[in-house]
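Below is one structure; the comments refer to it alone.
Nothing here was measured: the structure is a model prediction, and the numbers come from that model. Whatever order the structure lists ligands and atoms in, that order sets their numbers, starting from 1.
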Amino acid sequence: KTIESLGDLRGKRVLVRSDLNVPLDGTRITDDGRIRASVPTLRALLDAGARVAVVAHLGRPKGAPEEKYSLRPVVGRLGELLGTDVAFATDTVGPSAQETVAALGDGEIAILENLRFNPGETSKDEAERREFAQQLAALADAYVSDGFGVVHRKQASVYEVAQLLPSAAGLLVLKEVESLRKVTDDPERPFVVILGGAKVSDKLGVIENLLTKADRLIIGGGMAYTFLKAQGLEIGNSLLDAEQVDTVRGYLETAEKNGVEIVLPVDTVVAPEFGPDVDSEVVASDQIPADKEGLDIGPKTAELFAAKIADAKTLFWNGPMGVFEFEKFAEGTRAVAEAVASCAGFTVIGGGDSAAAVRNLGFDESRYDHISTGGGASLELIEGKELPGIAILEEDDK
Ligand code: 3PG
């Protein structure tokens, strides 16, 4: 259901669940991608004359207020992007929220304090979530779900509240789902997937699903070392998901059976330890010294990956190739970002670190077809899982 299905919104109070979970350095926003992505829906609602109450989370506070997780730093940036004043309520459903929402005029907007300061938001107990959802619902006449980054979470502001108010998907959620389904449902081939990041165990479901769908799987980043180990290579002190070595060996066999090409690093940048100024060298993947750890893919691997990316008709990338936060180990991620940007196929970057890496390394976002705002959410969609926050919007009987 789209925003139009909610009818005339002039003067109506609309509760919008956005994902404003941006990285902060103190109170400084280091990547405002998610705030920018939430603007089109908010703009549309304001233009329609709605009175908009935005709810969102920041970080993972444990059901009670914590200053460092306050949404206050986001208020100014959202106001700049919208070109309008944004009010702020210092609680989520308490007196401040109620007064702030009641004071809104048509086409005005407020952000309510972090949802996760309330235990009901993320409670495992459905009744508690429902009770908190009722308090949220009491603030509004309609609900718009636009926090794509949380649609995989069965949480009060994502799931239960949609059962209590006339509800619709926001523009960001629609765009995300459309782009990611284009990747998973009948992709144009070759369909190439690049996976990186630290832990294999975070990506097991996705790898398993891709072994029946993708034509080529390119593996870099910390998780590649578990693949190299599964092939019988020595990886020194590199990151190892020891419990997953057998599973990964199974994946390599399945890939061969299914005709899925697996591309692994042929060289790697190693250092004695993790840090911005350590001495590093490039070694072949089968020559990793026992006392060193791999922190980025090497230059030959970057070239190999770029060649394997070039002919993709559909491409999905999740996870950096190395410790890109340190300039010394950012080359691999930079090379892949460039190769994906140059690829003529349909290219999607799946959230989290890879999206932040692309922006922080200075790449022009318009060179990619879609940069997802969801980390876990985009992976779960690619895994083929049903996402509660999407399923509830697709139900008819509300
Ligand atoms: C994210 O950062 O992926 C989303 O904002 C969801 O956050 P969460 O993993 O803490 O639920």
Side-chain angles (χ1 to χ4, degrees), residues 16-25 29-39 41-42 54-66 68-71 73-74 77-78 92 111-124 129 132-133 136 144-162 169-170 172-173 175-177 179-180 195-199 201-203 205-206 316-320 325 348-360 370-383 385 387-390 392:
V16 182
R17 179 35 159 130
S18 299
D19 182 1
L20 303 177
N21 188 21
V22 290
L24 292 178
D25 180 6
I29 298 163
T30 56
D31 177 30
D32 68 356
R34 281 180 166 157
I35 308 179
R36 281 187 286 122
S38 68
V39 163
T41 294
L42 300 176
V54 180
V55 284
H57 73 283
L58 189 93
R60 293 181 174 167
K62 305 253 170 305
E66 265 181 85
K68 67 173 178 193
Y69 293 125
S70 173
L71 276 168
V74 169
R77 184 70 189 125
L78 182 63
T92 324
I111 296 183
L112 314 185
E113 184 55 290
N114 196 335
L115 287 156
R116 293 184 182 172
F117 287 177
N118 305 270
E121 168 66 358
T122 54
S123 174
K124 296 271 171 285
R129 287 202 310 271
F132 182 56
L136 287 170
V144 172
S145 174
D146 207 34
F148 177 73
V150 278
V151 290
H152 60 314
R153 304 266 182 240
K154 205 173 198 176
Q155 295 177 346
S157 70
V158 180
Y159 187 75
E160 278 78 14
V161 77
L172 176 63
V173 161
K175 180 167 157 242
E176 291 269 13
V177 171
S179 300
L180 288 159
L195 292 178
K199 290 192 81 182
S201 50
D202 291 347
K203 311 260 160 86
V206 109
F316 177 77
W317 172 26
N318 178 289
E325 299 86 340
V348 175
I349 300 183
D353 282 348
S354 15
V358 161
R359 285 191 284 260
N360 289 336
H370 183 64
I371 301 183
S372 177
T373 54
S378 63
L379 281 179
E380 288 197 18
L381 256 191
I382 300 282
E383 264 177 62
K385 280 195 187 158
L387 309 188
I390 302 291
I392 194 72

Quick check on contacts: which atoms of ligand 1 are under 4.0 angstrom from a heavy atom of [X]?
{"X": "Gly149", "answer": "4 (C), 6 (C)"}
{"X": "Arg116", "answer": "8 (P), 10 (O), 11 (O)"}
{"X": "Arg60", "answer": "8 (P), 9 (O), 10 (O)"}
{"X": "Asn21", "answer": "1 (C), 2 (O), 4 (C), 5 (O), 7 (O)"}
{"X": "Asp19", "answer": "4 (C), 5 (O)"}
{"X": "Val150", "answer": "6 (C)"}

Checklist line | Contact check, side chains of Ile29 and Leu24, non-hydrogen atoms, under 4.5 Å | finding: yes
I need the nearest protein heavy-atom contact for [atom]: residue, atom name and distance, please.
{"atom": "atom 3 (O) of ligand 1", "answer": "Arg34 NH2, 3.4 Å"}
{"atom": "atom 7 (O) of ligand 1", "answer": "His57 NE2, 3.3 Å"}
{"atom": "atom 11 (O) of ligand 1", "answer": "Arg153 NE, 2.6 Å"}

Next item on the list: Give the minimum heavy-atom separation between Asn114 and Tyr69, together with the two atoms involved.
Entry: ND2-O, 2.9 Å
Next item on the list: Work out which heavy atom in Arg77 is nearest to a heavy atom in Ile35; give both atom names and the distance.
Entry: CG-CD1, 3.9 Å
Say whether [X] and [Y], considering side chains only, have a donor N or O and an acceptor N or O under 3.5 Å apart.
{"X": "Glu176", "Y": "His370", "answer": "yes"}
{"X": "Asn118", "Y": "Thr92", "answer": "yes"}
{"X": "Arg17", "Y": "His57", "answer": "yes"}

Notebook entry, point to check: Counting only heavy atoms, which portion of Gln155 has something under 4.0 Å from ligand 1: side chain, backbone, both, or neither?
Noted result: neither
Next item on the list: Could you tell me the separation between the CG atom of Asp19 and the CG atom of Asp146, rounded to the nearest 0.5 Å?
Entry: 9.5 Å
